[in-house]
Amino acid sequence: MPEAPMSPSSRALRVGVCGPVGTGKSSLIALVCSRLADLLRIGVITNDIYTDEDARFLRSAGVLDPERIRAVETGACPHTAIRDDITANLLAVEELEEDFAPLDLVLVESGGDNLTATFSPALVDTQIFLIDVAGGGDVARKGGPGITRADLLVVNKTDLAPYVGVDAKQMVADAGAVREGRPVIALSRSDEESVGALTSWLLEQLGSHRAGMLVPEDPGPMAAHFHADGTAHTHGGADDDHVHV
């Protein structure tokens, strides 16, 4: 007789980490593992199109047992494997959880994509979207489903802001304005307060998950955006409408 599937509160918390190329997804995962590996049992799944580069980086960082870091080679647009056809990732997560049961936390890193990439709520319980100051101070204002509606937005590499001519405080303020109260963390690995804010958020998510109170939400596929004529537009099937502002 097949075993009953685990309830959401009895399996590991699955956290998606996505964002454009170069925003620091792998480095953020390494940081989280280095700070929480003594407290939590962690596994990692990485995504790349034709390589296991990110998995090899994380293994070389020595932040986890290398066997707990596995790679999915998507062979297609990274967005597809985390949202449209999640089969490969879902199998990888389930196998990792089975091999190292019980795990507390599984971090799933998207392959580098663009501002539209978000995870299916059927794959992860909660998701972090990254942007970074080196991508330009206007990125937060450009919106997109990850920026506006991911469970957490991280504005990364804030220590580099003076060197790339970006006002990090304004970038974070812009992010807060488009997110309508959803959390934003300005992160630098050299700033212990920001690192603490990130790990605290993850532990809060884990607590909610274990209590059966964390309900995955879908931030995609398209966030509200502005046209040149000054109208705001949202896509939502039967509810799709133009809202004049």
Side-chain angles (χ1 to χ4, degrees), residues 6-19 23-46 54 58 61-65 68-70 82 89 92-94 96-110 118-132 146-147 149-159 172 175-176 179-219:
M6 291 187 294
S7 68
S9 58
S10 63
R11 60 161 172 76
L13 172 68
R14 300 169 181 177
V15 179
V17 180
C18 58
T23 50
K25 297 182 293 295
S26 298
S27 295
L28 180 140
I29 288 174
L31 177 64
V32 167
C33 291
S34 69
R35 297 306 176 95
L36 294 180
D38 290 338
L39 180 64
L40 302 177
R41 295 159 295 194
I42 303 174
V44 175
I45 303 294
T46 67
D54 291 336
L58 289 168
V63 292
L64 284 182
D65 174 352
R68 292 178 180 241
I69 302 169
R70 298 185 179 178
I82 64 168
N89 272 294
V93 170
E94 290 174 349
L96 185 64
E97 289 190 45
E98 181 178 352
D99 291 347
F100 293 96
L103 290 177
D104 299 304
L105 173 66
V106 175
L107 298 160
V108 183
E109 178 186 355
S110 168
T118 58
F119 285 85
S120 166
L123 175 60
V124 299
D125 303 299
T126 189
Q127 51 191 292
I128 301 169
F129 196 87
L130 273 74
I131 56 177
D132 74 297
I147 289 175
R149 298 200 299 268
D151 299 289
L152 175 67
L153 178 68
V154 171
V155 179
N156 201 16
K157 308 177 190 177
T158 53
D159 52 306
V172 172
R179 283 179 59 77
E180 299 179 343
R182 296 179 182 89
V184 179
I185 292 177
L187 182 67
S188 167
R189 285 181 295 174
S190 61
D191 175 23
E192 285 299 318
E193 184 176 354
S194 68
V195 175
L198 174 62
T199 55
S200 293
W201 182 85
L202 282 167
L203 292 173
E204 289 170 2
Q205 296 291 294
L206 179 58
S208 295
H209 172 71
R210 286 173 170 171
M213 298 173 60
L214 185 62
V215 179
E217 295 186 8
D218 188 356

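R189 meets the side-chain contact (heavy atoms from CB on, under 4.5 Å) test with S27, L31; sequence neighbours excluded. In this structure, the side-chain hydrogen bond (donor to acceptor under 3.5 Å, both in side chains) partners of D104, at least two apart in sequence or on a different chain, are R41, R210. Taking E192 as the reference, R35 meet the side-chain hydrogen bond (donor to acceptor under 3.5 Å, both in side chains) condition, with sequence neighbours excluded. Not counting sequence neighbours, E217 has no partner by the side-chain contact (heavy atoms from CB on, under 4.5 Å) test. Under the side-chain hydrogen bond (donor to acceptor under 3.5 Å, both in side chains) criterion, S194 pairs with D191, not counting sequence neighbours. Remark: K25 engages no residue in a salt bridge (charged side-chain N to carboxylate O under 4.0 Å, His left out) (not counting sequence neighbours). With sequence neighbours excluded, no residue satisfies side-chain contact (heavy atoms from CB on, under 4.5 Å) with S200. Scored by the side-chain contact (heavy atoms from CB on, under 4.5 Å) test, D151 finds T126, Q127, W201 as partners (sequence neighbours excluded). Qualifying side-chain hydrogen bond (donor to acceptor under 3.5 Å, both in side chains) partners for N156, counting only residues two or more places apart in sequence or in other chains: none.
Two residues are said to be in side-chain contact when any heavy atoms from C-beta on lie closer than 4.5 Å; Q205 and V15 fail this criterion. In this structure, the side chains of N89 and I82 come closer than 4.5 Å at one or more pairs of heavy atoms. V32 has its side chain out of reach of V17: every pair of non-hydrogen atoms, C-beta onward, lies at least 4.5 Å apart. Counting heavy atoms from C-beta on, the side chains of I69 and C33 never come closer than 4.5 Å. By the 4.5 Å heavy-atom criterion applied to side chains, L202 and I128 are counted as neighbours. Side-chain contact between L64 and L58 is absent, with no heavy-atom pair separated by less than 4.5 Å. Side chains of T23 and V154 form no contact here, defined as non-hydrogen atoms less than 4.5 Å apart. Considering only heavy atoms from C-beta on, T199 stays 4.5 Å or farther from L39 through its side chain.
H209 places no side-chain N or O within 3.5 Å of a backbone atom of R14 that could act as its donor or acceptor partner. Here the side chain of R179 pairs a donor or acceptor atom with the backbone of I147 at under 3.5 angstrom.
Interatomic distance, CG of L198 versus CG of L28, reported as 5.0 Å (0.5 Å rounding). A distance of 10.0 Å separates CD in E97 from CG in L105, rounded to the nearest 0.5 Å. In this structure, CG on L187 lies 11.0 Å from CG on D132, to the nearest 0.5 angstrom. For the atom pair CG (D65) and CD1 (I42), the distance works out to 12.0 Å, reported to the nearest 0.5 Å. Note that CG of L13 is 11.5 Å distant from CG of L103, once rounded to the nearest 0.5 Å. Rounding to the nearest 0.5 Å places CG of L203 at 6.0 Å from CG of L40.
For the residue pair A12 and V106, the shortest heavy atom distance occurs at CB-CG2, 4.0 Å. Heavy atoms only, all atoms of each residue included: P183 and L152 are closest at O-CD1, 3.7 Å. C18 and F119 get closest at one heavy-atom pair: CB-CE1, 3.5 Å.
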Requested in this report: Take D159 and S188, measure what side chain to side chain donor-acceptor pair (under 3.5 Å) needs, and give me the verdict at the end.
Outcome: CA-CA 6 Å; D159 52 306; S188 167; 3.1 Å; yes
